[in-house]
2 protein chains.
Amino acid sequence: MREERRTAQKDAVRRALGEESGFISAQQLHQRLSDNGASVGLATVYRQLNALVDSGLADAIPVSGGQLFRACEQREHHHHLVCENCGRAVEIDPPSEKWIRTVAKDHGFTVNRHVLEVFGLCADCHNAGVEPNDRPEAFRDS
Amino acid sequence: MREERRTAQKDAVRRALGEESGFISAQQLHQRLSDNGASVGLATVYRQLNALVDSGLADAIPVSGGQLFRACEQREHHHHLVCENCGRAVEIDPPSEKWIRTVAKDHGFTVNRHVLEVFGLCADCHNAGVEPNDRPEAFRDS
DNA sequence: ATGCGTGCAAACGATTTGCAGAGAA
DNA sequence: TTCTCTGCAAATCGTTTGCACGCAT
């Protein structure tokens, strides 16, 4: 019988992820937890993150070098506008979902899911003079 | 002085990728090359694939567990309709690019690039009774 | 001959997992 | 006590890189 147990680190990870304004890597979230005194094992961070994604409480988007996570309110389908530098993201509404089904049908495809991620720079990072092709902050050294 | 040298394995990788109908992982492409007698080192496959992506002759999309490649004709911006099982993909035209810029501007974002990938099952795989949530063929064992 | 490209194996970085101990129920 | 969850370290896995040799130029 699956028994769900409530623990301090579980709460810590959930809270930390919820406090983030944008997508964040598991490693960086782990780092942030350490900084805030709440020392949680990296493995646990990964385990919790995966659990959240499985239960639909978080989104994970694969990027070159790993994946980024973010807590998501809308259980519904939605898209993101992501800042390539700081990871800040806002949820945006879908454009023409029907267009997708139409195109898919034309090619005999059965649509299962689709991903639309818009990358760019948020106002802050843009003003800070960050170059569009810089390595994302989330995967930068030190 | 950068000197571009033509080699057998370079051609082999390019040709093999071109013959693929959809996205394929580096490992799988390497396997396919071996099967066809053209033995090319895995490292070389990666090196060539990256070179192709850099020069814009191929597309790479990050997926959980790695990345998938595909030769692309259109140097222009375009999107894909991808079969989650066999990796087959067709290039589709963008829907409302202007919609994206509008939304981005509303949030103060500077758009750099965007990704739209539609996943589902192609007619063949659908008829074969493949389940939507199966692990992609490209990353399945053996 | 010159030096780019390749193969191999070691190195890497992100993520996962085995296992013994810690703590929630 | 019971059994899940955690932490640590070792193990995986995709991908990159160092180095010595082969081959295109």
Side-chain angles (χ1 to χ4, degrees), chain A residues 1-17 23-34 37-55 58-70 87 135-142, chain B residues 1-17 23-34 37-55 58-70 87 135-142:
Chain A
M1 356 254 91
R2 186 92 305 152
E3 190 190 325
E4 184 72 5
R5 227 166 252 192
R6 157 174 276 251
T7 68
Q9 29 283 72
K10 208 173 275 190
D11 289 344
V13 172
R14 280 182 163 76
R15 176 154 28 74
L17 187 63
F23 281 86
I24 186 175
S25 67
Q27 312 254 5
Q28 194 171 57
L29 186 63
H30 171 253
Q31 181 61 55
R32 192 137 322 179
L33 283 167
S34 300
S39 187
V40 179
L42 179 55
T44 298
V45 173
Y46 275 108
R47 277 189 282 240
Q48 285 312 318
L49 248 21
N50 287 333
L52 289 174
V53 171
D54 287 344
S55 64
D59 278 346
I61 62 178
V63 297
S64 60
Q67 24 182 87
L68 299 179
F69 302 85
R70 188 191 179 202
R135 184 155 227 255
E137 190 178 78
F139 285 105
R140 217 171 280 155
D141 299 341
S142 78
Chain B
M1 351 256 98
R2 186 90 309 157
E3 189 191 328
E4 184 71 4
R5 226 166 250 192
R6 157 175 278 251
T7 67
Q9 27 288 69
K10 208 174 274 190
D11 289 344
V13 172
R14 279 182 164 77
R15 178 154 25 76
L17 187 64
F23 280 86
I24 187 176
S25 67
Q27 313 253 4
Q28 194 171 56
L29 187 63
H30 171 252
Q31 181 61 56
R32 193 138 319 180
L33 283 167
S34 300
S39 188
V40 179
L42 179 56
T44 298
V45 172
Y46 275 109
R47 277 189 281 240
Q48 285 311 317
L49 247 22
N50 286 334
L52 290 174
V53 171
D54 288 344
S55 64
D59 278 345
I61 61 177
V63 296
S64 61
Q67 21 181 82
L68 299 179
F69 302 85
R70 187 191 181 203
R135 185 157 225 254
E137 190 178 77
F139 285 105
R140 217 170 282 156
D141 300 340
S142 72

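Numbers restart at 1 for each chain; the letters A, B, ... are given by sequence-line order, proteins then strands.
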Subject >> Closest non-hydrogen atom pair, A:Ala60 against A:Gln67 >> reply: CB-NE2, 4.1 Å
Original post:
How long is the line joining CZ of B:Arg5 and P of D:dG22, in whole Å?
Top reply: 15 Å
**OP:** Would you kindly give the CG-to-P distance between A:Asp54 and C:dT16, to the nearest whole Å?
**Re:** 10 Å
Subject >> Closest-nucleotide 5' rank along DNA chain D - winner of B:Phe69 and A:Val40 >> reply: A:Val40
Original post:
What is the distance from NZ of B:Lys10 to C1' of D:dT25, rounded to the nearest Å?
Top reply: 12 Å
Original post:
Shortest non-hydrogen contact from B:Leu33 to B:Ala12?
Top reply: CD2-O, 3.7 Å
Subject >> Considering all heavy atoms, the nearest B:Val45-B:Ala26 contact >> reply: CG1-O, 3.8 Å
**OP:** Starting from the first five and the last five pairs of the helix from C:dA1-D:dT25 to C:dA25-D:dT1, work out the angle between the resulting helix axes, to 10 degrees.
**Re:** 20°
Subject >> B:Leu49 CG to D:dG14 C1', straight-line distance once rounded to whole Å >> reply: 13 Å
Original post:
Counting only distance, no hydrogens or angles, is the base of C:dG7 paired donor-acceptor with the side chain of B:Arg47 under 3.5 Å?
Top reply: yes
Original post:
For B:Tyr46 and C:dT6, what is the distance between atoms OH and P respectively, to the nearest whole Å?
Top reply: 16 Å
Subject >> A:Gln9 CD to D:dG7 C1', straight-line distance once rounded to whole Å >> reply: 9 Å
**OP:** For residues A:Ile24 and A:Leu17, report the shortest heavy-atom separation together with the two atoms involved.
**Re:** CG2-CD1, 3.9 Å
Original post:
Any donor-acceptor pair under 3.5 Å linking the side chain of B:His30 with the backbone of B:Gly41?
Top reply: no
Subject >> Length of the CG-P vector between A:Leu42 and D:dT6, whole Å >> reply: 13 Å
Original post:
Does OP1 or OP2 of D:dT6 have a side-chain N or O of A:Gln48 closer than 4.0 Å?
Top reply: yes
**OP:** Give the rounded distance in Å between these two atoms: NE2 of B:His30 and P of D:dT16.
**Re:** 15 Å
Original post:
Taking only side-chain nitrogens and oxygens of B:Thr44, does any of them come within less than 4.0 Å of OP1 or OP2 of C:dG7?
Top reply: yes
**OP:** Verify the contact: side-chain N or O of B:Thr7 to OP1 or OP2 of D:dC23, cut-off strictly under 4.0 Å; return yes or no.
**Re:** no
Original post:
Among the nucleotides C:dG5, C:dT17, C:dT15, which one has an atom lying closest to any side-chain atom of A:Ala43?
Top reply: C:dT17
Subject >> Below 4.0 Å: OP1/OP2 of D:dT15 and any side-chain N or O of B:Asn50 >> reply: no
Original post:
In Å, rounded to the nearest 0.5 Å, how long is the span from CZ of A:Arg6 to CG of A:Asp11?
Top reply: 4.0 Å
Subject >> Gap between atom CG of B:Leu29 and atom CG of B:Leu68 - 0.5 Å precision >> reply: 11.5 Å
Subject >> First of A:Ala8 and B:Arg6 reached from the 5' end of DNA chain C, by closest nucleotide >> reply: B:Arg6
